Amino acid sequence: MASLLAWGVMLGGILALGGVGLSLVYGVLRFATFAHGDLMTVGAYLVATILPALPPMGRVGPFSFGWEFLVALALAMPLTGMVALAMDRAFYRPLRRRQASPLILAMASLGVAFLLRSLVYLGWGADFRFYYPGRARPSVLLPLGVRLRPDQLFILGVTVVLVVLMYLLLERTRAGKAMRATADNPALARVSGIDTERVAAWTWLVSGALAAAAGAMLALDSQLRPEMGWFLLLSLFAAVVLGGLGKVYAALAGGLVMGVVQQVATAFLNPAYGPAVGFVVLAALLVFKPEGLLGGRGMR
Amino acid sequence: MALRLALLAVPLALVGAWIGLPLPGAGRRRRARLLGALAGAGAAAVLTMVVPEGILAYLVSFAVSGGIFALLALGLNVHWGYTGLFNVGVAGFFAVGAFSAALFTTAMPEGPLALYSRQAFGLEWPFLGGVVAAVVVCGCVAYLVGLPTLRLKDEYFAVASIGMAEVIRLVFQNERWLANGPQPLRGIPRPLHCLVEEPTCPWLPAGMARLVQALEPRDYPYVYLLIVSLFVAAAYVAIERAIRSPWGRVLRAIRDEEAAAAMSGKDVRRFKMQALVVGAGIMGAGGALYAHYMSSIDYGHFTPLYGTFLIWVMVMLGGSGNNRGAILGAFVVWGVWAGTAFLSDWVAPALGAIAPELPARAPYLRYLAVALLLEAVLLWRPEGLLGEERHVSIFLEMERPARVPGREAAPTAGGSR
């Protein structure tokens, strides 16, 4: 049970990384992007492509990966951000200009989701992959009988670091302030001289980078496959709605809760129903508390 | 030969009557329909004489699948096109319809077969009973799904409907006792298949029996095309009638301005629920026809891509809020989907030149093609190929029969929502 809790926190970290990006887009651009899961997949596969091109740099401490993995991750994050931005320029921005409804934008994002996945299928094939095939990933025994792989602690560490960076970005930088202003009131932000298109571009870069990190962590924990992100989408939405859609910090809390709930549920339920747990939690939540657990206004 | 012609003539006459209606200068509706029907039947004669047998057979089976997808698209049009329900869980209703029809019409597996094939029940109902069961079960599922989700905002409803479809697929994938779990559920009877068998259907009068003797088992798609086209025609006429009734006007009012509809005293949630149930029932019929055509189904047929996304592209392409458009879109998109099978053979050498492992992945090009198709429609033709018909009331049309609906389609109404 304690192990399940710990794994839940780890899964929660991944969900939080994805959820923060999803929430950011919803907060600033006002539509639910169904492509976020597949953006995670793209990020994970980009890491897998960059990795073999780098010289091996030796293992990092007790982890299953070497320094080159961190380099690849650092390269893949902005690249995935660029992919997200390119999708915006090609498909979402023209629709925004036409003032299409959020539903049409959501529809376009559904198209982008399938577009990205088809590119992953074409570029990398449908087989499962690992970052380091054949490398043993032993688990260590921690107090309370918790079995964890060092990698899983690393995943949690990455989540904490990136969320702190997110906090600094939103609170301390001009771009972050502009994002928050646009999220609170787009019209007012434009009137006060904020270039909302630039804000949109920054939003995509940041959310894409976070998606890449989340995808790489997910792949590090299990394996790479083209549907990995799509399968997570439901839990991602559940996590974000749990916190309150459009509120970035709430997504963090929502992700952790969602991760724990899903892992603990495997104690009673066929693990194949993992995504279903997300759905049930989401449905129950929407019925009883539609504004999310941490209801309220603004992006906090 | 003559028999195939006769079988083909009915669907094509239906198509002709359907096309004949909105043509400019087609005159009185009844005459237009009759002319169109005759033209369709004539086309059937020409087709059977001119087109080589193999290609004709391919076209017929293509049309069967297209017709099944047209039913699903019509169902989605009731949800999205007329009511504005952002249902991204078509695959769920599709699956429920297919598996219900299968369970109600198959026989319970016996003997050694029972070891390999498990299912919750097999009632051996006739085909039509299976379709009715599929429609009813789908309607009930839709009602249950709608109870908690219909009061949600649109995006939440979309997410919830994706979740619903995934849960349904997971259940069929993991519960072996229900419908053979991950293994395909086989032995779904094919309606009227006895027509093409050697000792023909026992209930046929002797004269008819001699007539259909020429049919061979490989001619079965011709028979099924007839069945499918009758279903599509019935669904089309029923929805058109409903949409032009006061009920349909309330649905479109809810779609365009929910608050205004609520203020004029309409119970928005109740109307949405009715639309959800009706649309899901039509999807269920589509699923039932699919199951009886395939005669063997498993959970893998009802993925978000094949079961939901493809149908969305059909509706968006044809023009949401336009039933003609939904049917047209179904055939066009199914054509793209089926056509990319040839495309991938054709581009395989070129792909091989880029990278050796690419030709094996060429089938995924169809994912790409359909996704790009949707984006192109959204960007360049948001109202779809046909756009939304503006039909205010059937009584207005009765007053001015010369006016043809569809000619005055409002280009802004369909896409900019």
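Proteins get letters first, then strands, A, B, ... in listed order; numbering begins at 1 in each. From a predicted model like this one, the values you see are computed outputs, not experimental measurements.
- Formation of a donor-acceptor pair under 3.5 Å by the E375(B) side chain with backbone atoms of V112(A) is found in this model.
- Only the side chain of L374(B) comes within contact range of chain A, with at least one heavy atom under 4.5 Å from a heavy atom of that chain.
- If you measure heavy-atom distances from L122(A) to chain B, the contacts under 4.5 Å come from both the backbone and the side chain.
- Annotation: R118(B), atom CZ; neighbour count of heavy atoms from other residues, nucleotides and ligands within 6.0 Å does not exceed 12.
- No donor-acceptor distance shorter than 3.5 angstrom exists from the side chain of R361(B) to the backbone of A126(A), with no hydrogens or angles considered.
- Note: L103(A) CG to L85(B) CG = 10.5 Å, rounded to the nearest 0.5 Å.
- Ring geometry for F309(B) against F114(A) counts as parallel: the plane angle stays under 30°, on a 0 to 90° scale with 60° as the upper cut.
- The CZ atom of R98(A) sits 8.0 Å away from the CG atom of L378(B) when rounded to the nearest 0.5 Å.
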Stepwise side chain to side chain contact (heavy atoms under 4.5 Å, CB included) test for Y273(A) and V171(B): CA-CA 8 Å; Y273(A) 286 114; V171(B) 167; 4.0 Å; yes
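- Neither the backbone nor the side chain of L351(B) comes within contact range of chain A, judged by heavy atoms closer than 4.5 Å.
- With a 4.5 Å cut-off on side-chain heavy atoms, W312(B) and M107(A) count as touching.
- By number of non-hydrogen pairs under 4.5 angstrom with chain B, the leading residue of S118(A), A106(A), A113(A) is S118(A).
- Under the rule for a salt bridge (Lys or Arg N to Asp or Glu O under 4.0 Å), the partners of E197(A) that lie at least two apart in sequence or sit in another chain are R96(A).
- Chosen from V88(B), N174(B), L372(B), the residue pairing most often with chain A at heavy-atom distances under 4.5 Å is N174(B).
- For the options A238(A), A108(A), A276(A), heavy-atom pairs under 4.5 Å to chain B are most numerous at A108(A).
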Are F237(A) and I162(B) close enough, and set up right, to give a side chain to side chain contact (heavy atoms under 4.5 Å, CB included), and what steps lead you there? CA-CA 11 Å; F237(A) 267 106; I162(B) 293 185; over 6 Å; no
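- For CZ of R269(B), the number of neighbouring non-hydrogen atoms (other residues, nucleotides, ligands) closer than 6.0 Å is greater than 12.
- One finds the CG atom of L116(A) at 14.5 Å from the OH atom of Y367(B) (value rounded to the nearest 0.5 Å).
- With rounding to the nearest 0.5 Å, the separation of CG in L105(A) from CD in E155(B) is 10.0 Å.
- Of all heavy-atom pairs spanning A371(B) and G111(A), the tightest one is CB-O, 3.7 Å.
- The contact between M164(B) and chain A is made by backbone and side chain atoms together, counting heavy-atom distances below 4.5 Å.
- Of the listed residues (V313(B), L170(B), V377(B)), the greatest number of heavy-atom pairs within a distance under 4.5 Å of chain A belongs to L170(B).
- Within a 6.0 Å radius of CZ in F231(A), more than 12 heavy atoms belonging to other residues, nucleotides or ligands are found.
- Relative orientation of the Y364(B) and Y121(A) rings is parallel, given thresholds of 30° and 60° on the angle between their planes.
- Using a 4.5 Å heavy-atom cutoff, the side chains of F34(A) and V159(B) are in contact.
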